[in-house]
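For reference, positions follow the sequence shown, starting with 1.
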Amino acid sequence: MDVNGEGPVFKSGDVYLEESVNQISFTAPDTYEQKVISIRSTFPWNNQDIDPMGLINSSFYEPKVEAFISPLAPNAFQFYKYEYQGFFEEGSHVIFKIKVIPRHNNQQLMSGFLYIVDKLWCLHSADVSITMFFGSMNYKTIYSPVKSNSWLPVSHQFFVDASLLGMHATFKYSGSV
């Protein structure tokens, strides 16, 4: 608390960490259940309102990823241009690298790269950025086959770089399933 008892005090250079172990179950097409098994935090307040599960539970295959227009949305060609950037091989799969370019300067649009598995036409991974009024957010997710030819997201990383009213903060989140 500050000297007036009105909230947490943040100091330049301080690092805060929160770790949690969660049990997550998914039922197709879009039902997630989350149970927190354990949590440890060095934040100076009870920050249970900070929950990246909204982005983790969202899907690039849906029209929106939270408030952002997915580059795979049915109407995505209205919002994005795409450029083939090459391919690489991973095991027996060929992975295409596709650059995603917003057609407009809009805070709901992403830029970056999608990686698509040849012949299966599913996501291998995504590395996209979103520019917002306070800064930028980079979102990386990796998909992996969990069953024969069924790929689901197994890793998520978020990096937020924010500046607002003379204050600067960075936020990093990593999660694996």
- Task: Please step through side chain to side chain contact (heavy atoms under 4.5 Å, CB included) for the pair Phe113 and Val128, ending with a clear verdict.
- Result: CA-CA 6 Å; Phe113 298 94; Val128 296; over 6 Å; no
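- Taking 4.5 Å as the limit, every side-chain heavy atom of Ile69 sits out of range of all side-chain heavy atoms of Met110.
- Judged as a side-chain hydrogen bond (donor to acceptor under 3.5 Å, both in side chains), and not counting sequence neighbours, Ser125 has no contacts.
- Interatomic distance, OG of Ser136 versus CZ of Phe159, reported as 7.0 Å (0.5 Å rounding).
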- Please step through side chain to side chain contact (heavy atoms under 4.5 Å, CB included) for the pair Phe60 and Phe68, ending with a clear verdict. CA-CA 10 Å; Phe60 277 92; Phe68 312 108; over 6 Å; no
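- Ile101 places a side-chain heavy atom less than 4.5 Å from the side chain of Glu83.
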- Can Val117 and Phe96 be said to form a side chain to side chain contact (heavy atoms under 4.5 Å, CB included), step by step? CA-CA 6 Å; Val117 181; Phe96 297 123; over 6 Å; no
- For the pair Asp127 and Asn138, evaluate side chain to side chain contact (heavy atoms under 4.5 Å, CB included) and give the outcome as yes or no after the intermediate values. CA-CA 7 Å; Asp127 183 355; Asn138 180 257; 3.2 Å; yes
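- Note: Leu123 CG to Thr141 OG1 = 8.5 Å, rounded to the nearest 0.5 Å.
- Between Ile98 and Tyr84, some side-chain heavy-atom pair lies under the 4.5 Å cut-off.
- Residues that satisfy the side-chain hydrogen bond (donor to acceptor under 3.5 Å, both in side chains) test with Glu89, not counting sequence neighbours, are absent from this structure.
- The environment of Lys64 atom NZ is dense: over 12 non-hydrogen atoms of other residues, nucleotides or ligands sit within 6.0 angstrom.
- When side chains are defined from C-beta on, Val154 does not count as touching Tyr143, because their heavy atoms never get closer than 4.5 Å.
- Applying the side chain to side chain donor-acceptor pair (under 3.5 Å) test to pairs two or more places apart or on separate chains, none has a residue in residues 95-117.
- The CZ atom of Phe87 lies 15.5 Å from the CD1 atom of Ile116; values are rounded to the nearest 0.5 Å.
- By the side chain to side chain contact (heavy atoms under 4.5 Å, CB included) test, Glu90 is found to be paired with Phe88, Ile95, His124, residues two or more places apart in sequence or in another chain being considered.
- In this structure Phe79 satisfies the ring-ring contact (aromatic ring centres under 6.0 Å, His included) test with no other residue, sequence neighbours excluded.
- Every residue meeting the side chain to side chain contact (heavy atoms under 4.5 Å, CB included) condition with Pro63, not counting sequence neighbours, appears here in chain and number order: Ala73, Pro74.
- In this structure, the side chains of Tyr173 and Val160 stay at 4.5 Å or more apart for every pair of heavy atoms.
- Aromatic pair Phe77/Tyr82: ring centres closer than 6.0 Å.
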